Amino acid sequence: MSTIHKSGGLHQENKKHKNKHTSKRQLKKDKGGKVEKSSFKSSSVSKTLNKSKDQRRNTLKQIRDAKKQQILFKQRFGKSGNPPRIVAILSLGSTNPNNIYGDATSLFKDIISKSEQAEQGKINLNEIDNSEVYTIKLLKEYQQKTISLFCVQRQLRSVLDAAKIADILLLVIPAELQTLDDESKHFIKLLSSQGLPSTLVVLQNLQNIGNAKKQNDLKNEMSKIVKEEIPETERVYTYQSLNEDKTELKQILLRLNTLTPKTLHWRDQHPYMLVDNYEFQLKNNFEDDVVDDESEKNGTLIIRGFLRGKSTSPNQLFQLVNYGSYQLDKIVHLNKKKKEESDMPIAEDEDKKEEEETNELLPNEHQESLQSCLEPNFMEGEQTWPTNEDFEEQLRQSIAEKQSGYVLKKKKVPKGMTPIEAAWLEDYLEDFEEEGEQEDEEEMEDEMIKEANKQQMENEEEETHSHFQFDVATEVQTRVDKYFNFERDEDMTEEERIAEMEREMKRREELGNEIEYPDEVETPMDAPARIRFQKYRGLKSFRTSPWDPEENLPLDYSRIFRFKNFHVSQKVALQGFDPENENELWENYIELHLVNVPFSIIKIIEEKKEPLIAFGLLKHEQKMSVIHLLVKRTIEDEENDSAPIKSKDELIVQVGFRTFKCNPIYSEHNPRNDKHKFEKFFIPGRFLIATIYAPITFKPSPVLMFRKSATIASSLDFVAHGTVFSIDPYRCVIKKIILTGHPYKIHKNQVVVRYMFFNPEDVRWFKPVEIYTKYGRHGVIKESIGTHGLMRCQFDQNVEPKDTICMNLYKRTYPKWTTETFSLLSTNNESNGIVSGNVNTSSTNGLSGFVLDKKPVDEEELVMIEE
């Protein structure tokens, strides 16, 4: 039985020591300089209560007057702050496959019919063009809001471009389909990866489905499906196209006016514009040029629209999405009245046009250049006569080496070899007499080894031959046909089909070997290993061993730019070109004059008949550098078990609002390490870093990666998504290989290893590199045995016969310079030349904030050798 002790009335109470009568000095010392925060609410209430009624009224009047002054100050510089909302209508599914706009056209026309322009007869409802952008003002019963409305084609490029510019995306689902098809779900995945704007979902023609119970069940089911695909969806609106009662349409329009558009930070950090109208003017002095082809003519493209995002400057470059980057000749600030009368012909009322142009901004000497990369200077690495400073530096270095016990020796090494690789070169003085004595003892061992090797190779050939026949008979017919629909390719011959099958099987076999035996390579028997792996080196520790990031850089690094301080440069670039400029153009109706635009671009724009979008480039965003992208394979691509993606395979990458064709390399995502392991394949289920040469793009920016489809011609497969990780040419991507050998003779921790090398010179070359086993033993190479690559090794513990001896070698890898601007207008190569004609590769001097990444390689290296 447990008892509880309770103290009585005479229990001891300890005296509280120095709590009530502490001095002010002690209290100040205990606080340590901290100031007690007073309650803001109590202080503000007390101040308000102390004022009289007239004083409180005067305070409120001053606050109102200050807000009015702010509004008048913005309006004084023409800042309206109320541009029309951009609404894009996309059909998720189509009852008419021949209509590229799906079932969005009926809702598109009904919304236009509720505008003042349609009531006044300025817009003929029977002649509405679905490819144009209509800026309309709704009727009074719909709050008289102004919106810019356009339809979106059910194509990959059109859907992505519409989401880049739209404030609100209106998704129309035909009720007759009763579900979302795979293509519509694919569009939603793309938009979510790029950045989905505010959305409204409309279920169209629900009354055509049976009775009220079926309609209600279908609406609930579609709400669940939409909620799974787009979690932020509020509700699903209903709409009947042929119904005279427009109460459903009124709910949709009122919600369009009250919905707060979502903020897309990657878009709002740039100035951008949805073009209302444009005109093209050829150069005045074009008659002096001798050009026969009309498509090679250049001129000025004048685009008009509301500027959104950030303010702009005439020194800034502008990117026409899918059509290239151009410089500005000037910026004309137009009155808002000009926007309301923009439906009138441009050639009408020329005098009135001159009066409405209120402000004109011209570029100055700080205008950004179209130069994207530098031209290499091949004379930069040439040897010159030594100066007095070189002699003094050599003297100081020799004195320091003598004091430290090292001497400096000059030795010729192969061109392009690093100092660490050159350190392996040692002048071995071979003793021919000792070799002669050992030859007799080794002859017997060599004959036994030859016979064993011959027998083993014969057995391996029989096994591989039978294994290959099994693969061709089963795997090729069952698995490869799953990914390559050869029935659609009638032009493909039987030989081409067999070659395609073998290529696919080889790629899948490489992926399987990479997963089962990562980084392991076979030592070649027909070439010396010291020649085959001469670019590789050994490291004591991959994590802690040093690696010079400026060592032996490729020639492509002399064409790119790098930042001295990327974070400071990004902060300055995001502030804009003219942060203190009094001509605030944000949310104003302006006119941009783009110069040197090819006439062929105008023809393509007119043929496509789609909304034209312009984005302003920040500082340095046209310059080439090394971009690292944090990406992950898509879930659909993993579930379909599609063909593996190998490093340096050609992909189409969309970074922000620009698209490139490139060959990325992949490496592990390890921010804590200064060296990052190269990945041979884009492994599903994990985030990797893709490295490419591309124009600079500041964070945050979404990344979408596509690959040309192997089954459907002229189509793209969505394979990965992510974001921009960093811009750093000095990020070391290290490729690791493992050379393996097998124990031949074992005596405790002394092992004779074979099959790692096949000649004694290779053993002596790689002797300084540490070796290990798969069971955790570590050791070194002691000496070479015989003439067939056998070597004696010593380990820290006993080695088991089933163990495998490994040697790690490393080298730095770089991406390929194959980046070219790509347009999603088509997957053919015809569109590549559209946007690549304005790239200037000429070199300029005095680029502030950028340093050329190039280090010359000398033919002779100074090697440190310990005596």
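In what follows, residues are counted from 1 in the order of the sequence shown. Quick caveat, the model's predicted, so the values are computed rather than measured.
- A perpendicular orientation is assigned to the rings of Phe563 and Phe566, their planes being inclined by more than 60° (bins at 30° and 60°).
- Under a 4.0 Å N-O distance rule, the pair Glu668/Lys675 does not qualify as a salt bridge.
- Every residue two or more places apart in sequence or in another chain that forms a salt bridge (Lys or Arg N to Asp or Glu O under 4.0 Å) with Arg530 is listed here: Asp762.
- In this structure, Phe533 and Tyr536 have perpendicular ring planes: the angle between them is above 60°, well past the 30° mark.
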For this session: For side-chain contact (heavy atoms from CB on, under 4.5 Å), just list the numbers for Asn808 and Leu539, CA-CA rounded to whole Å, side-chain angles, deciding distance to a tenth of an Å, and then say yes or no.
Result: CA-CA 8 Å; Asn808 294 339; Leu539 294 178; over 6 Å; no
For this session: Assess whether side-chain contact (heavy atoms from CB on, under 4.5 Å) is satisfied between Lys708 and Leu716, documenting all intermediate values.
Result: CA-CA 5 Å; Lys708 291 185 179 179; Leu716 299 176; 4.1 Å; yes
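- Between Tyr557 and Tyr814, the gap from one ring centroid to the other is short of 6.0 Å.
- Checked against salt bridge (Lys or Arg N to Asp or Glu O under 4.0 Å), Lys540 has the following partners two or more places apart in sequence or in another chain: Glu770.
- Looking only at atom types and distance, the side chain of Glu550 has a donor-acceptor partner in the side chain of Tyr730 under 3.5 Å away.
- Between Glu761 and Lys767 there is no salt bridge, since none of the side-chain N atoms of the basic residue sits less than 4.0 Å from a carboxylate O of the acidic one.
- Across Val703, Val719, Leu704, a single residue satisfies side-chain contact (heavy atoms from CB on, under 4.5 Å) together with Val631, and that is Val703.
- Ser541 meets the side-chain contact (heavy atoms from CB on, under 4.5 Å) test with Arg543, Thr544, Ser545; sequence neighbours excluded.
- With salt bridges taken as basic N to acidic carboxylate O contacts below 4.0 Å, one links Arg537 and Glu551.
- Applying side-chain contact (heavy atoms from CB on, under 4.5 Å) to Cys806 and the options Thr773, Ile738, Asp519 leaves one that passes, Ile738.
- The two residues Val763 and Leu790 have their closest heavy-atom pair at CG2-O, 4.4 Å.
- For the side-chain contact (heavy atoms from CB on, under 4.5 Å) test, residues two or more places apart in sequence or in another chain that qualify with Gln797 are Arg777.
- Remark: Arg792 pairs with Glu783 by the salt bridge (Lys or Arg N to Asp or Glu O under 4.0 Å) rule, at least two apart or across chains.
- For Phe757 and His788, the ring centers sit 6.0 Å or farther from each other.
- Going from atom CG of Asn749 over to atom CG of Asp796 covers 8.0 Å, rounded to the nearest 0.5 Å.
- For the pair Arg812 and Trp547, the NZ or CZ position fails the cation-pi test of under 6.0 Å to the six-membered ring centre and within 45 degrees of the ring normal.
- In terms of the side chain to side chain donor-acceptor pair (under 3.5 Å) criterion, residue partners of Thr697 (sequence neighbours excluded) are, by chain and number, Arg658.
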